[in-house]
Amino acid sequence: MSPVLASRAADPADLVIRGARVVDPRAEIGEPRDVVVRGGEIAELAGAGEAPNPEGAEVVEAEGMLVTPAFVDPHVHLRVPGQEHKEDLETGTRAAAAGGYCAVVAMANTSPPIDSASVLGSVRELAEQEAAIPTGFVATVSRGMAGEELTEMAELRDAGAVGFSDDGLPIANARVLRRALQYQRLAGGVIALHEEDPDLSRDGVMHEGEVSALLGLAGIPGSSEATMIARDCALALDEGARVHVQHLSARASVEAIAAAKEAGAQVTCEATPHHLVLTDEEVRSLDARFKMNPPLRAEDDRLALIEGLRDGTIDCVATDHAPHALEEKEVPFEQAAMGVTGLETAFAVLHTELVLPGTLPLELVVERMTAGGEPFGIPAPRIEPGAPANLALIDSDQEWTVGAEGYESRSENSCFAGRELTGRVLMTVAAGAVAYRQRSFAMGVAE
Ligand SMILES: [Zn+2]
Ligand SMILES: [Zn+2]
């Protein structure tokens with residue numbers, strides 16, 4: 001794992017996971033194996049039932065289960081510094097590990113924002129004490145996220161920023177973004193963009209469409225996102241800079257990315273599980289758990305995201321895990337905070353709603369969920385001898401109800417609360433150490 005990520009020290013694992021189907025799309029395995037982890041490294045991939053039981057190693061009988069490379073989330077909000085009542089590095093990374101993640105990239109729209117080497121240094125130090133899995137931090141593009149003056153991007157890179165983002169807000173001023181792209185080319189790291197045109201979004205609280213008209217709520221049109229993506233991809237192409245577009249939600253956005261890639265722009269992008277499986281129909285309930293930015297859009301948009309994920313226009317899955325306190329959500333829809341949690345449910349949601357019905361193959365979902373670090377220079381984990389152990393053990397048949405046993409996150413604003421899902425992460429190994437075990441999961445430590 002890349003040295004710019006920070007996490008607390010943990011004992012390297014010694015494990016034998018027996019007989020699980022190993023699904024690593026990059027290695028084209030796809031069949032039952034014994035995965036031997038020694039001293040935190042994948043030591044061997046033996047035929048099922050063939051690996052010996054090394055002394056002192058934990059043995060997990062995993063026939064009928066799945067082992068995948070652990071996932072990497074390019075977009076989470078850990079709320080540190082300043083909003084620890086919503087989440088902190090310990091609870092946020094524990095939620096990530098519970099979702100099968102071995103690394104996350106934390107956004108910088110904190111209080112204060114991560115816009116100086118000193119704030120960045122202090123969160124990275126805290127991550128070395130508290131983070132259950134390797135955590136990368138972006139720094140903001142603009143000072144105070146005001147969208148005017150740029151941060152010291154080169155200095156922030158030296159201080160360990162994996163990239164730059166003003167996420168939470170767009171960079172409305174094209175001249176400011178253009179200068180940022182020029183510095184990015186020199187400093188390295190990617191600029192991750194939350195795309196919306198503030199003049200088009202204005203005071204919108206949901207997708208602008210039939211449902212918003214019916215409810216009489218102010219809408220955010222899909223074009224608010226797509227026009228900014230087109231603008232920023234054109235700037236990136238002109239400047240020879242690299243951008244990563246966050247949380248795509250609209251069909252026109254997928255088309256804008258496809259056109260930019262075709263034109264040779266260095267652009268990657270992500271989509272969230274909630275935009276891939278839910279639509280603005282959910283908002284009819286006026287339940288604030290369905291309020292996020294960008295908003296849930298129409299069925300046609302959702303289908304375009306799925307197609308984009310399938311054909312590679314969309315490079316990776318991001319949760320945009322955005323914890324909020326109850327009092328920020330238990331208010332009328334129009335006043336509620338935007339954002340939903342998502343780390344603990346991402347795999348199960350995509351598995352239940354897209355893989356089991358046959359919409360997308362499991363291998364593709366695993367590929368896109370493990371690719372999230374690549375825009376930030378964090379390589380996708382691999383299950384191969386000699387690699388550090390980054391893997392998720394999953395019971396793909398286990399049914400569970402979201403939230404029934406509470407959450408690892410400090411917040412519970414999940415838009416999937418109460419849903420029945422199929423597929424559960426039982427154990428996560430991150431950077432060679434066991435980072436999570438599901439409560440019901442009985443261990444089989446060698447007697
Ligand atoms: Zn955003
Ligand atoms: Zn975000």
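Atoms within each ligand, like the ligands themselves, are counted from 1 in listed order.
If you look at Asp320 and ask which of its N, O or S atoms sits nearest the Zn ion (ligand 2), the answer is OD1. The Zn ion (ligand 2) is closest to atom OD2 of Asp167 (considering only N, O or S atoms). The name of the N, O or S atom in His247 nearest to the Zn ion (ligand 1) is NE2. The atom of His194 that is an N, O or S and sits closest to the Zn ion (ligand 1) is ND1.
Looking at Lys86, its side chain never comes within 3.5 Å of a backbone N or O of Arg410 through a donor-acceptor pair. Side-chain N or O atoms of Asp301 include one that pairs as donor or acceptor with a backbone N or O of Ala298 at under 3.5 Å.
Taking 2.8 Å as the criterion, His75 counts as a coordinating residue of the Zn ion (ligand 2), since one of its N, O or S atoms falls below it.
Between Phe376 and His244, the distance separating the two ring centers is shorter than 6.0 angstrom. Aromatic rings from His247 and His75 are positioned such that their centres are separated by under 6.0 Å.
Between the CD atom in Glu281 and the CD atom in Glu210 there is a gap of 8.0 Å [rounded to 0.5 Å].
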